[in-house]
Structures are given as structure tokens and as C-alpha cells.
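Computation of the quantities below employed the complete heavy-atom set of this structure, encompassing side-chain atoms and omitting hydrogens, waters and symmetry-equivalent molecules.
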Amino acid sequence: MSSYAGRGVHGQVVRQLGARIVGGDFAEGEILDVRALGTELDVSLTVMRESLKVLAGKGLIDARQKRGTFVRPRAAWNLLDSDVIRWRVETGDGERLMRDLADVRSLVEPAAAHRAAQRRTEADLVALGAALAAMADAHGDTAAEAEADASFHRALLVATGNELLARLDLLLEPGLRERDRLVHARGGADDPVPSHRAVLDAIRDQDAPRAELAMLDLLAKAAEDLDHVSATRADAG
């Protein structure tokens, strides 16, 4: 689910068209005039075709003989793709995205913390501890904070001992990274270390009910941070 790493003109075209599609500039089912878009963006047809392949891989567009290249229905988009997530935020759909993410996390992570406390290994504790230490060291560095946070929650899922739960990082991590970027970039968020340490301490003590409650408290603080970001944006508007 990593973001598209293309640079230069090719990467710029992917980002511009992707954001325009996700932002609604092109309606679902709309036929894209590839040549006209190439002229508008001042790029070759080859660059356009390669860029459209990337967007097709994200589920945003498709091409059919006699129909041409068209925007796919939103239900077909890869909403877990990190680029699609970023484009949603950039084009004004971030609040809905963060609300959906918070809802999913509230269903998954308290139960994961409960199960992790029952099943964690020493290796799991080391991974969680390392992520927590990185979180403390990253204070003020938005990218490092997001990486440490993602590492902690990834390690938490692994600590459940359930391979399917462990792969839920594919569902949670792209949105979690964007959420952290928003919150930490705006400032005013509470120090995340104490709430994460409370989860780790309960898991280390193998106290499953306490681990679940600690995660619920962590998620409540995360919701407060997002409310702060929303309020700040409203005041700025």
C-alpha cells in the first residue's frame, strides 16, 4: 500500500490526475480525453499512458475498446491505497476518512490489545518497546512520529499471535500515517507516549482487560486530537 514513488513529469501527472479524480473534477463513468489532457498538462502521450496505468492500478480508472478510458465508480477505488488516502485529504474528504478510520480502529484495536496481552511473546514486547522508545525520541519530528506510531500499532497486531489480524496493518496503517501527519503538523496534540506506554504495560503484565481499557483510552485521546485539528481548521476558515 505504499505511495507511488514516481518522480519528475511522470509522477506529477499521476498526482495531478489522481487528485482530480478523487476530488470529483471527473465524474464516475466520465470518459477521459487522453490527448486533450496530455495537451493541457503539456506532456507526451507516452507519459499520459504510463501515468494512467498507475491510476488504473489504484482502481480509479479503466479502459475499454470502443469506450475509451473512463473513471471507475468509487466502490471500485482502492480506498486503502496511501496515495488515494492522501488525495482524499488534500481535496477535502479528510474528515470523512478520519471518522471512518476511527470507527474501524475502535472495533479492531481494543480487541487486539486484549488478545495481545494473552499471547504476547518476549519478541513482541521488544518490538513494542522499541516503537515506544522511537516515539519518545521523535518528539517534534512529524515523519518520525508517524513512523514510530505505525510501528507500535503494527507490533500490537503481530502480538495477537493471529496472522490474519497481523495483516490488518494493510487496512489501518495508510490512514493512521495520514492521521498522524495531520495531527502532528497542526500541533497541539497531547504527548502520545503515556497512552501507548499504558497499553504496553498492560500487555507486558498479561492483564487483558486492562490492555483493552488502555487502548480505549488511547483511542479517546486520538479522537480529541482530531477534534482539535477540525476546530483549528474551522477557526482558520
Side-chain angles (χ1 to χ4, degrees), residues 1-34 36-38 40-64 68-105 108 141-151 153-154 157 167-186 222 226 229-230 233:
M1 302 293 176
S2 60
S3 60
Y4 175 62
R7 297 180 179 179
V9 174
H10 187 195
Q12 291 174 12
V13 172
V14 169
R15 288 188 288 273
Q16 289 181 44
L17 290 180
R20 288 171 68 177
I21 293 170
V22 171
D25 289 355
F26 300 110
E28 295 181 13
E30 182 174 345
I31 305 298
L32 302 180
D33 188 330
V34 177
L37 284 171
E40 176 190 337
L41 299 173
D42 194 24
V43 296
S44 69
L45 193 57
T46 298
V47 170
M48 282 297 302
R49 286 170 175 163
E50 290 303 312
S51 300
L52 292 173
K53 286 180 182 178
V54 175
L55 297 176
K58 297 177 184 297
L60 300 181
I61 62 170
D62 202 352
R64 292 284 186 274
T69 301
F70 59 93
V71 177
R72 299 184 72 189
R74 183 186 177 92
W77 297 357
N78 182 359
L79 296 178
L80 301 180
D81 181 272
S82 57
D83 286 325
V84 174
I85 287 172
R86 187 174 64 256
W87 294 332
R88 288 182 64 185
V89 173
E90 291 174 352
T91 56
D93 197 28
E95 186 172 342
R96 176 184 178 185
L97 170 65
M98 293 301 130
R99 184 174 64 247
D100 287 350
L101 174 64
D103 198 21
V104 172
R105 292 182 71 191
V108 172
D141 183 334
T142 299
E145 287 175 333
E147 179 60 38
D149 194 28
S151 294
H153 291 274
R154 190 186 314 123
L157 293 172
R167 298 317 294 148
L168 286 181
D169 65 330
L170 297 173
L171 170 65
L172 297 176
E173 193 166 317
L176 182 60
R177 286 178 181 275
E178 191 62 30
R179 178 254 173 217
D180 285 347
R181 188 189 69 78
L182 283 172
V183 169
H184 295 299
R186 291 277 175 171
L226 278 176
V229 171
S230 298
R233 283 181 165 179

Review point. Tell me, do V22 and D93 make a side-chain contact under 4.5 Å, heavy atoms counted?
Key: no
Practice item. Please round to the nearest 0.5 Å and tell me the distance separating atom CG of L60 and atom CG of D81. Key: 7.5 Å
**Study point:** Check: L17 and M48 side chains under 4.5 Å, non-hydrogen atoms
**Key:** yes
**Study point:** Ionic contact status for E40 with R20, cut-off 4.0 Å
**Key:** yes
**Study point:** Chi angles and distances behind the salt bridge (Lys or Arg N to Asp or Glu O under 4.0 Å) call for D169, R167
**Key:** CA-CA 5 Å; D169 65 330; R167 298 317 294 148; 3.2 Å; yes
Practice item. Could you go through the side-chain contact (heavy atoms from CB on, under 4.5 Å) check for R177 and I85 one step at a time? Key: CA-CA 10 Å; R177 286 178 181 275; I85 287 172; over 6 Å; no
Check your understanding: Do the non-hydrogen side-chain atoms of V89 and R181 ever get within less than 4.5 Å of each other?
Key -> yes
Check your understanding: Once you round to the nearest 0.5 Å, how far does CZ of R179 lie from CG of D149?
Key -> 7.0 Å
Study note, to complete from the structure: Here the gap from F26 atom CZ to D33 atom CG, rounded to the nearest 0.5 Å, amounts to 10.0 Å
Point to revise | E173/R154 salt bridge by N-O under 4.0 Å criterion | key: yes
**Study point:** Point-to-point distance, once rounded to the nearest 0.5 Å, from CD1 of I61 to CD1 of I31
**Key:** 11.0 Å
Practice item. Please assess L170 against L80 for the test side-chain contact (heavy atoms from CB on, under 4.5 Å), listing each intermediate value before the final yes or no. Key: CA-CA 8 Å; L170 297 173; L80 301 180; 5.7 Å; no
Review point. If you round to the nearest 0.5 Å, how far is CZ of R99 from CZ of R96?
Key: 7.5 Å
**Study point:** Shortest non-hydrogen contact from H10 toward S51
**Key:** CD2-OG, 3.0 Å
**Study point:** Pairwise distance CZ(R15) to CG(D83) - rounded to 0.5 angstrom
**Key:** 8.5 Å
Practice item. Just do the side-chain contact (heavy atoms from CB on, under 4.5 Å) check on V14 and L55 with the steps written out, would you? Key: CA-CA 7 Å; V14 169; L55 297 176; 4.1 Å; yes
Practice item. Verify, without hydrogens or angle tests, whether E145 (side chain) and D180 (backbone) share a donor-acceptor contact under 3.5 angstrom. Key: no
**Study point:** R105 and H153, any side-chain heavy atoms less than 4.5 Å apart
**Key:** yes
Review point. Do you know which two heavy atoms are closest between L176 and A150, and how far apart they sit?
Key: CD2-CA, 4.2 Å
Practice item. Would you please test V9 and L41 for side-chain contact (heavy atoms from CB on, under 4.5 Å) and show each step? Key: CA-CA 10 Å; V9 174; L41 299 173; over 6 Å; no
Exercise for review: Indicate yes or no for a side-chain donor-acceptor contact from W77 to the backbone of R72 under 3.5 Å, with no hydrogens or angles considered.
Suggested key: yes
Review point. Is L157 close to V108 at the side-chain level, that is, under 4.5 Å between some pair of heavy atoms?
Key: yes
